[in-house]
Amino acid sequence: MTQPPHDEPTAAGPQELREQVEHTREELGRTVEALAAETDVKARAKESAVDKKDQVAVRAGVLLEETAAKAEEVKEQTVLKAWELKEQTAVKAGVLKEQTVLKAGELKVKAAQAAGRVEGKLPDAVRGKAVEVAGQARVAAARAGRLWEDKAPEPLRDRTAQGALVARDKRGLLLTAAGVAAVAWIVRRRRQG
């Protein structure tokens, strides 16, 4: 028989010897399995692939979170910029409206002044004729309005009604302008005739 290893004591009896043999077999089996695992290239490659896959999944998750955060930041900046532009537009629209109202007021005053000057210079007969012509114009306008209601298509009537509302709001200015135009027309006809 062979000589036992120096680091292990010799067995005292057959039972102990069997236990030592069994223990040695188990250690030898584990050693063989460890060596087989190290030499199993396919298994090691598979483990490496799984590790790489896990690393890629983690990195993809990180990139996805970073992208989502950046998208949210861009969205917030866009909303803020749109709000700022809306506010700026509203302010500019308000300024333009105020300027338009002021300019319309100035024009109304000038038209009233011009009408007053012209009316003051007109003879009574011309003034009377202007009043008569204005009445006839109202009657003709009423007839034209009824005819329009009967013949005009619905969408066109709607748009015209909106224009009429605007004209009613500016009635004084329109009447003044119409009066000045009528007086100027009458004066011109008298000079020619």
Side-chain angles (χ1 to χ4, degrees), residues 26-118 134 137-138 140-182 184:
E26 288 176 13
E27 282 184 15
L28 185 60
R30 285 193 295 265
T31 303
V32 167
E33 284 178 13
L35 287 172
E38 285 184 23
T39 59
D40 188 359
V41 174
K42 185 177 179 182
R44 287 178 54 200
K46 191 173 184 180
E47 286 178 19
S48 177
V50 168
D51 288 345
K52 294 287 185 199
K53 180 180 172 186
D54 290 344
Q55 290 173 359
V56 167
V58 168
R59 183 67 183 140
V62 169
L63 287 174
L64 184 61
E65 288 176 8
E66 289 174 355
T67 303
K70 188 65 174 174
E72 186 64 27
E73 181 183 333
V74 168
K75 177 184 170 188
E76 289 173 3
Q77 290 174 352
T78 302
V79 168
L80 181 62
K81 192 63 174 175
W83 185 81
E84 288 174 358
L85 288 174
K86 179 182 174 187
E87 289 297 315
Q88 290 173 356
T89 302
V91 168
K92 288 180 181 178
V95 168
L96 287 175
K97 181 180 177 184
E98 289 175 11
Q99 290 173 346
T100 303
V101 168
L102 287 174
K103 197 55 136 174
E106 290 173 7
L107 290 174
K108 183 177 178 181
V109 168
K110 287 180 182 179
Q113 290 171 345
R117 285 192 300 268
V118 169
R138 275 192 223 104
R143 275 192 218 131
R146 283 191 298 279
L147 181 64
W148 173 261
E149 288 287 326
D150 293 340
K151 305 282 181 182
E154 183 77 25
L156 193 54
R157 285 194 310 241
D158 290 343
R159 279 190 244 135
T160 305
Q162 289 173 351
L165 287 175
V166 171
R168 272 190 218 125
D169 290 343
K170 309 293 184 196
R171 182 178 33 212
L173 179 63
L174 290 174
L175 288 175
T176 303
V180 169

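Computation of the quantities below employed the complete heavy-atom set of this structure, encompassing side-chain atoms and omitting hydrogens, waters and symmetry-equivalent molecules.
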Next item on the list: Report the distance from atom CG of Leu63 to atom NZ of Lys70, rounding to the nearest 0.5 Å.
Entry: 14.5 Å
Next item on the list: First locate atom CD of Glu72, then atom CD of Glu76, and finally report the distance between them rounded to the nearest 0.5 Å.
Entry: 5.0 Å
Margin query: Assess the residue pair Gln77 and Lys81 against the criterion (side chain to side chain contact (heavy atoms under 4.5 Å, CB included)); give the C-alpha distance rounded to whole Å, side-chain angles, the decisive distance to 0.1 Å, and a yes or no.
Written below: CA-CA 6 Å; Gln77 290 174 352; Lys81 192 63 174 175; over 6 Å; no
Note to self: Can you tell me how far apart CD (Glu84) and OG1 (Thr89) are? Round to the nearest 0.5 Å.
What the structure shows: 11.5 Å
Note to self: If I take atom NZ from residue Lys52 and atom CG from residue Asp54, how far apart are they, to the nearest 0.5 angstrom?
What the structure shows: 11.5 Å
